[in-house]
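Below is one structure, written out as structure tokens; comments come after it.
Position 1 is the first residue of the sequence; numbering continues from there. The basis for the numbers below is simple: all heavy atoms, side chains too, and nothing from hydrogens, waters or symmetry mates.
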Amino acid sequence: MSEVRIFALGGLDEDGKNMYIVENNEDIFVIECGLRYPDSESLGIEKVIPDFRYLEENKKRIKGIFITHGHDDVMGALVNLLKVVNAPVYMAPLTARIFERIAKKEGLKGYKVHCVRRNGKFKIGKTEIRTFGTTQSIADGFGVAIATEDGYVVYASEFIVDYDQNLDAFKFDMMDITEIGQKGVLALLTESVGSTRPGHSSPKHRITSMIEPIFEDAKGRIIVSCYNQNLFRVIEIIELACRFNRKVVIYDEELRSLMSDMAELEYYMIPAGLEIPMSKFDNEYDPCVVIVGGTGQNIFKKMRKITSREDEKLQLRQTDTVIVASPAVPGTEKAMFSMEDDLYKETSSVFAVDSKRAFSMHASIEDLKMMIYLLNPQYYIPVKGEYRKLISNASIALNMGYPANNIIVMDTGQVATIKDGQIEKRFKTIHTGDVMVDGKESLDASGMVLKDREQLSTDGVIICGVVVNHKTKEIIGGPDVQSRGVIYLKEADYIIKECANILERVIVEAVKNKEYENMGCRNDAKDKISRYILKETGKRPMILPVIVEINTPEN
């Protein structure tokens, strides 16, 4: 009897935080381990990652973790996972180099990475694994097929069908995909990000034809913002610079490392003599193309520093032409719009690549149809995207003649169980959730820390402090009240005085009634001051009463 369980710990009904689990009988295979960028209301949060509780509880059953490419939404939480789960990781050479730099920065040690070919065949234990190359915005991307008794479970990763791709590290391995399909596919998981777009993504994923006229007209420097992980687009910009005899400056350390990796792996080499080393670059160098790289919101922050002349080496000039080739990704929209506003104040030559004309390198409707046609799965499972896009993806299979019972649209945590090749009608569920990471620390998923930060940002804080004799509980210092972000003190001095009086009365009454207890008094004072402030100001600031007990010398 065979049993295959498929579910997600992230990536369904959201952009990012991708993590999919395939259980083949007792063996667990993890596919992707990504982050999601927080929205503007998640104050102080750097990233949102999946809840690994299920994997921690079953870590002895985990046979392998597959990372199909080097984007944050599929790899950004891997360091966090490997801190709690010691399992082998399988990734392509470029992805491995990216991860090793991240792991070194985070101080992660003892992890096991196996480099695999994009069109490889190998075994993990008794399970046959196949990989196949996909065309996407970063080199070395691949899909993965996990063999079960009832056929392969295939995760197609990100992909587009581009027949004009000449670089091997970006090629789409149609022959391997066809071969896997001929051997039998039990379930196919495909991305849904571009499932509402008609036609193929190619050739609309290329920006060369859009920005070439800008290169022709530009008199001074050309400054282009581009995500580090969109190497396909970076290469397009470099090739254009070469065609127009402009030197290239790669203005980001991580992007320079990525291009060095590409050269060492013989994937792509910047034409000899084209790149200006950072040691020889200064703000007066002209004409040239400056590629400003970065990830997430950081790229927009970097561009704002350049615009406001706060950057050490690169400052914007009136003669510069700026191309924004880094469209907003979910969670970064506000930062991008703010950056564009600043750019227009400094130079009139600003061009933003329109994401509606220049497609992201995700599968559109005809790309998805081709993948379904080549693999001919028994069950079709849309993954990776907002719910409306999951439904749109499911409709593609439905329109191709797949019965509704063989199309599985799930929520995060729902488990599709396939026994002896037949799916169970009822989905089981497992615990899932978001884990918010603040710097290097994980916050509670309930959001209490965020609620406190939101309260501080909107209604401010009032701190009431007093010093009491440890033995007699007599007030010997204060009360002292400090207010930040609540009221204008000169016009509301009476409020501050009353807050001090409330704290003093609470302590005196508690001592008189022989009920004094430090924490109890602080909580009582907090409640009474909160009610008073709400009545007087209509605000609900954070109230922090402080009672310091000290020993005093006896007379």
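- Between Lys419 and Glu424 there is a salt bridge, with a side-chain nitrogen of the basic residue lying less than 4.0 Å from a carboxylate oxygen of the acidic one.
- Between the Thr178 side chain and the Leu374 main chain, no donor and acceptor come within less than 3.5 Å of each other.
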| task | Test Tyr90 against His114 for ring-ring contact (aromatic ring centres under 6.0 Å, His included), laying out the working first. | result | CA-CA 5 Å; Tyr90 297 84; His114 301 277; 4.9 Å; yes
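- Counting non-hydrogen atoms of neighbouring residues, nucleotides and ligands closer than 6.0 angstrom, the CD atom of Glu253 reaches no more than 12 such neighbours.
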| Please walk me through it: do Asn25 and Lys126 pass side chain to side chain donor-acceptor pair (under 3.5 Å)? | CA-CA 12 Å; Asn25 294 321; Lys126 296 180 180 179; over 6 Å; no
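- Heavy-atom contacts from other residues, nucleotides or ligands closer than 6.0 Å to CE of Met269 number 12 or fewer.
- More than 12 heavy atoms of other residues, nucleotides or ligands sit less than 6.0 Å from atom CZ of Phe122.
- Between the Asp173 side chain and the Gly133 main chain, a donor and an acceptor come within less than 3.5 Å of each other.
- The neighbour count for Lys59 NZ, taken as heavy atoms of other residues, nucleotides or ligands under 6.0 Å away, does not exceed 12.
- Aromatic rings from Phe66 and Phe142 are positioned such that their centres are separated by 6.0 Å or more.
- Here the side chain of Thr135 pairs a donor or acceptor atom with the backbone of Phe172 at under 3.5 angstrom.
- Checked by atom type and distance alone, the side chain of Asn230 pairs as donor or acceptor with a backbone atom of Arg233 at under 3.5 Å.
- Salt-bridge check for Asp252 with Lys302: passed, with a basic side-chain N closer than 4.0 Å to an acidic carboxylate O.
- By the 4.0 Å N-to-carboxylate-O rule, Arg206 lies close enough to Asp162 to be salt-bridged with it.
- The only member of Val248, Ile250, Val234 that meets side-chain contact (heavy atoms from CB on, under 4.5 Å) when paired with Ile270 is Ile250.
- Using a 4.0 Å cut-off between charged nitrogen and carboxylate oxygen, Asp72 and Lys17 do not count as a salt-bridge pair.
- The backbone N or O of Gly421 lies less than 3.5 Å from a partner atom in the side chain of Asp150, making a donor-acceptor pair.
- The pair Lys389-Glu191 does not meet the salt-bridge criterion, since no charged nitrogen lies less than 4.0 angstrom from a carboxylate oxygen.
- Stacking of Arg197 on the aromatic ring of Phe359 is recorded, both the 6.0 Å distance cut-off and the 45° axial limit being met.
- Salt bridge Arg61/Glu26: present, at least one basic N to carboxylate O contact under 4.0 Å.
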| field | Pair Glu100-Arg97, salt bridge (Lys or Arg N to Asp or Glu O under 4.0 Å): steps then yes or no | value | CA-CA 5 Å; Glu100 283 165 4; Arg97 289 182 175 220; over 6 Å; no
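- In this structure, Arg118 contributes its side chain and Gly141 its backbone to a donor-acceptor pair below 3.5 Å.
- No donor-acceptor pair under 3.5 Å is formed between the side chain of Ser201 and the backbone N or O of Ile160.
- In this structure, Phe170 has its ring center under 6.0 Å from that of Phe232.
- Shown here is Lys428, whose NZ atom has no more than 12 heavy atoms of other residues, nucleotides or ligands within 6.0 Å.
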